[in-house]
Amino acid sequence: MAEPNARLLLEDVSTTYLSDSLRLPVLDKVSLRVGEGEFVSLLGPSGSGKSTLLKIAAGLLKPDAGRIFLNGAEVSGRAAKVGYMPQQDLLFPWKTLLQNGALPLLAAGAGKKEARSRVSELLPVFGLEGFEGYYPRQLSGGMRQRAALLRTVLIESGLMLLDEPFAALDALTREKLQEWLLGILSRFKRSVLFVTHSIDEAIYLSDRVYMISDRPGKIVQELSIELPRPRSRTVVTAPRFMAYKELLMGSLDLH
Amino acid sequence: MKKWASTARRSLPSLNFLLLLIVAWEAASRIAGTPLYRLPPPSTIWQALIAGAPLLLIHTRATLSAAGAGLSLAVIVALTLAVIMDRWAWLNRALYPLLIISQTVPIIALAPLLLILFGLGLTSKIAVVTLVCFFPLAVNLMDGLAQVDPEAVDLLRVMQASPAMIFRSVQLPSILPYFFSGLKIAVTYSVMGAVIGEWLGARAGLGVFMIRSMRSFKTDSLFAAILVVVIVSLVLFKLTELAAWAAMPWNRVKLNNQQEE
């Protein structure tokens with residue numbers, strides 16, 4: 001049924017936000033696909049239902065209509081095992097960095113000792129060596145995001161769903177972390193669906209960009225980004241980068 | 001340690017005032033020559049405390065065991081109620097008004113009924129304590145559970161964590177501060193509840209000691225018992241604060257060593 005190589009496939013997903021007094025259509029027949037090893041961004045203004053879409057993909061919300069396939073199997077009304085990283089870093093303030101990182105392993109049934117050693121091994125990769133005993137509030141924003149990403153990577157799944165992971169950071173830290181994320185991905189080989197409202201971020205990171213419109217969210221454009229990898233920071237000044245940017249800005253105005 | 005020093009400094013004015021009050025009381029009752037059975041001076045109360053210490057100790061132990069058992073039961077009842085009322089909204093709507101009504105019935109009126117139900121022994125005292133203690137605990141725990149971040153629960157669901165692990169990792173630590181706020185109120189209520197229970201009928205305990213002292217016009221002994229109740233309550237309150245401090249190490253970490261990139 002589903003395409004063989006699709007990590008994630010959404011077919012005509014629609015959903016409506018219901019409260020006592022209003023019926024707000026949030027997503028309107030959204031279809032998208034994340035292939036094996038692909039980095040796909042979902043770009044759109046705030047309030048366009050991007051976070052809702054990620055929750056639906058993770059099986060945390062049930063859409064009104066449409067079908068979702070994860071690794072070829074249909075997701076139905078049950079939280080799926082994916083590397084979901086919600087908008088706030090959501091590190092638990094009562095757990096140390098090491099304990100936070102160990103959560104996905106413990107949830108998967110690993111022993112405490114094994115979980116500890118596996119997290120410890122990864123700490124240097126995430127630039128967090130020596131901070132295992134720190135509580136989240138003692139860490140800077142950038143370190144918290146890296147810790148949250150470490151935890152996400154440890155969820156045993158080929159797919160990561162990242163919800164604006166860098167939105168709350170200052171511009172310099174954000175750029176640093178974007179570059180660093182690409183490095184991490186070349187090591188861990190994950191398919192990614194990345195939600196953002198920054199055009200630059202989407203182009204710089206992605207193989208493909210879906211542009212979603214303001215509410216109700218509708219895919220208004222799909223753009224393949226053909227910039228060579230590995231990408232250095234200077235790629236943002238390349239003429240091709242500019243052309244992509246113009247294209248995406250244009251479709252943002254139109255809708 | 002620094003914290004303790006600053007606590008001492010902060011309580012210095014109230015200690016000074018207390019001292020002044022005691023001195024004034026002592027002086028006034030000596031000058032006026034009030035009969036001892038009416039209002040004994042602090043020095044006489046102190047003597048009664050020392051002289052009655054062995055007996056007071058026995059009664060204090062009885063009161064404390066009733067307070068401790070009642071409080072433990074109250075914690076279990078409150079936690080169970082809070083969890084099921086948080087889980088099922090209709091149960092919350094059904095039970096919440098009843099919980100409030102349960103607190104509007106004067107405990108003094110209820111205690112004789114408990115006495116008829118459970119007799120003169122420990123059980124009726126425990127029942128009184130549980131009845132007065134579960135409410136502040138339950139209300140605080142319900143508030144705490146309502147504050148739990150649903151996103152945190154979602155995150156663990158995606159990790160395929162079991163409901164037990166989700167409760168242990170998210171709900172339980174999130175409600176700890178609320179639990180301890182409730183517990184601070186409940187521990188002071190627990191001693192008072194036990195004494196009231198004893199007052200209305202029991203074989204041992206500080207309440208019983210008070211009644212006996214009163215009936216034999218040993219007002220100094222009555223005051224000594226009151227002093228013991230105050231001290232015991234203060235100690236329990238401090239112990240609760242200490243337990244809160246020990247149970248939530250993440251609240252103690254200093255922020256000034258926040259790390260930068």
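Using a 4.5 Å cut-off between non-hydrogen atoms, no part of residues 160-172 of chain A approaches chain B. Of residues 125-154 of chain B, those residues with a non-hydrogen atom less than 4.5 Å from any non-hydrogen atom of chain A are, in numerical order, B/Asp149, B/Glu151, B/Ala152, B/Asp154. Residues of residues 149-158 of chain A lying within less than 4.5 angstrom of chain B, judged on heavy atoms, are A/Arg151, A/Ile155 in numerical order.
Heavy-atom distances place the side chain of A/Phe92, and not its backbone, under 4.5 Å from chain B. Looking at B/Ile166, neither its backbone nor its side chain comes within 4.5 Å of chain A, counting heavy atoms on both sides.
Within 6.0 Å of the CZ atom in A/Arg116, the count of heavy atoms belonging to other residues, nucleotides or ligands does not exceed 12. Crowding of B/Arg61 atom CZ: a count of heavy atoms from other residues, nucleotides or ligands under 6.0 Å not exceeding 12. More than 12 heavy atoms of other residues, nucleotides or ligands shown are found within 6.0 angstrom of CZ on A/Phe194. Within a 6.0 Å radius of CZ in B/Arg252, more than 12 heavy atoms belonging to other residues, nucleotides or ligands are found.
Among all heavy-atom pairs drawn from A/Lys95 and B/Ser169, the shortest one is CE-CB, 4.1 Å. In terms of heavy-atom proximity, B/Pro249 sits nearest to A/Tyr135 at CG-OH, 3.5 Å. Across all their heavy atoms, A/Arg137 and B/Asn251 have their closest contact at NH1-CA, 3.5 Å.
For residues 71-90 of chain B, no pair satisfies salt bridge (Lys or Arg N to Asp or Glu O under 4.0 Å), with sequence neighbours left out.
Each of A/Gln99, A/Lys81, A/Gln87 has some count of heavy-atom pairs under 4.5 Å with chain B, and the biggest count is that of A/Lys81.
With a 4.5 Å cut-off on side-chain heavy atoms, A/Trp94 and B/Ser174 count as touching.
The distance from the OH atom of A/Tyr84 to the CZ atom of B/Arg157 is 10.5 Å, given to the nearest 0.5 Å.
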